[in-house]
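What follows is a single structure, written as structure tokens, with notes after it.
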Amino acid sequence: MTHSPLYARDMAALSALQKLRFFPLAVERGEGCYLYEADGRQVLDLSASWGAASLGHGHPALRAAVDQAMATQAGASILSGSNATAVQLAETLLRLTPGTADRRVWLGHSGSDANETVARVVPAVTGRPRIMAFSGAYHGGTQGSMAVSGHTAQAGAVKDGGLTLVPYPDPFRPFEGDKTGAALLHHIETLFQTTCPGAEVACFFMEPIQADGGLIVPPQGFLSKLAQICARYGILTVCDEVKVGLARTGKLHCFQHEDFTPDIIVLGKGLGGGLPISAVIGPARVMDHATAFSMQTLHGNPICAAAALAVLSVIETDALAQSARQVGQYLMDQISALAIDVPEIGEIRGRGLAIGVELVAPETGEPDADLTRKTVFRAWQLGAVFYYVGMKSNVLELTPPLTLTKEQAKTGAAILVQAIKDARSGAVSDAEVQGFAGW
Ligand SMILES: *Cc1c(COP(=O)(O)O)cnc(C)c1O
């Protein structure tokens, strides 16, 4: 297959190590919820680069904030001196995040360095060697964050010696056939009483929606019950909100859909609106454990901190959580309405603008990875960009900019459903998708 000149240059110049490609997308510029390819073609961005471009592309408030921060550049780090923007960001995050009074904020570049920091510091503080997480979890791509992840795409990574993985509560493919999650909670508690003693467990990493594992929404009440069990054993709950946090699910924090407050909260992706910044919010006794424990030179730099402040400010002033709730519901309703004659859709699920569409073989209900990869390819041809997730590579994932309008959602839903129909009737050949391994 011949690619656009820009994509061909990408192949010749950029390392494959950091590519997770589904089709030969080559972007020249972006504006709002649209990307423009090198030939000028406009495509609707229903991924927002995995949720990172939370305000869409080139948002005026973000541009102004970054421009202002550059014009008055207050150093480039917080390691050996403070800067006003980083302090203000930390104060803002503390104000916006429920929890106890005495907390601190750690600023990083990515979800990976944030989760890695948590995985290092909590065992160090508590003296407990074990860590719990869910199979299917994606907590990052660095050694230390992969070590506490459970995604099959990282099967070759060295795991933390104290790591125990348990199944994620998936109502569509439930553990022991129990959609409520009660059987799974019982299983976890049994582990704490036997082979994985609760008193040895430092923390439990959880995604409030398991995104890369398949955009799985846990049964209502599961996470709060799990948090109660953890509390009984003194295990700290770590809520990885990197992809689904910050207004995406219709509330500022995804855990607010459940009646529980995690001990430690991890933010990333959309926090910087496209610039690299992450944050960990947690108890002072953990986050002030030691100085010079987890740092990188540019952590807390005022440019990225200013971007994050602008994102948080626009989320509040434009009521983007409410908008995500409404537009997301509308998007799911549109897909359902158009998909009545598409039995390949096993389930449409999500909260707000974090939506998963699971594709299966209608006769058996088994995951259909081939149809899925051809669907995302076809959707790109038809003018919409989104990717797929899931341990079986069969869940279309929509995480568009929070600024998506209903009109755009309507167009997106139509393209998505048309793409499934086209893909199932052979519009995309094996040869076309060959070379796009996805994951
Ligand atoms: C993307 C992601 C990460 C890792 O973030 P990076 O910015 O890629 O390092 C961690 N946790 C979750 C839930 C994610 O979706």
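Counting starts at 1 for both ligands and their atoms, in listed order.
Classification of the Phe22-Tyr387 ring pair by plane angle, with boundaries at 30° and 60°, yields parallel.
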Scan the side chains in residues 150-160 for donor-acceptor partners under 3.5 Å anywhere in the protein, sequence neighbours excluded, and list what turns up.
from: His151; atom 1: ND1; to: Ala153; atom 2: N; distance (Å): 3.0
from: His151; atom 1: NE2; to: Asp212; atom 2: O; distance (Å): 3.0
from: Gln154; atom 1: NE2; to: Gly140; atom 2: O; distance (Å): 2.7
from: Lys159; atom 1: NZ; to: Met146; atom 2: O; distance (Å): 2.8
from: Lys159; atom 1: NZ; to: Ser149; atom 2: O; distance (Å): 2.7
from: Asp160; atom 1: OD1; to: Gly162; atom 2: N; distance (Å): 2.8

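For ligand 1, the 4.0 Å heavy-atom shell takes in Ser110, Gly111, Ser112, Asn115, Tyr138, His139, Gly140, Glu207, Asp212, Asp240, Val242, Lys243, Lys269, ordered by chain and residue number.
Checked against the 6.0 Å centroid criterion, the rings of Phe175 and His187 qualify as a close aromatic pair.
Under the rule for a ring-ring contact (aromatic ring centres under 6.0 Å, His included), the partners of Phe134 that lie at least two apart in sequence or sit in another chain are Tyr168, Phe204. With sequence neighbours excluded, the residues satisfying ring-ring contact (aromatic ring centres under 6.0 Å, His included) with His109 are His299.
Remark: Arg120 qualifies as a cation-pi partner of Phe293 under the 6.0 Å distance and 45° angle criteria applied to the six-membered ring.
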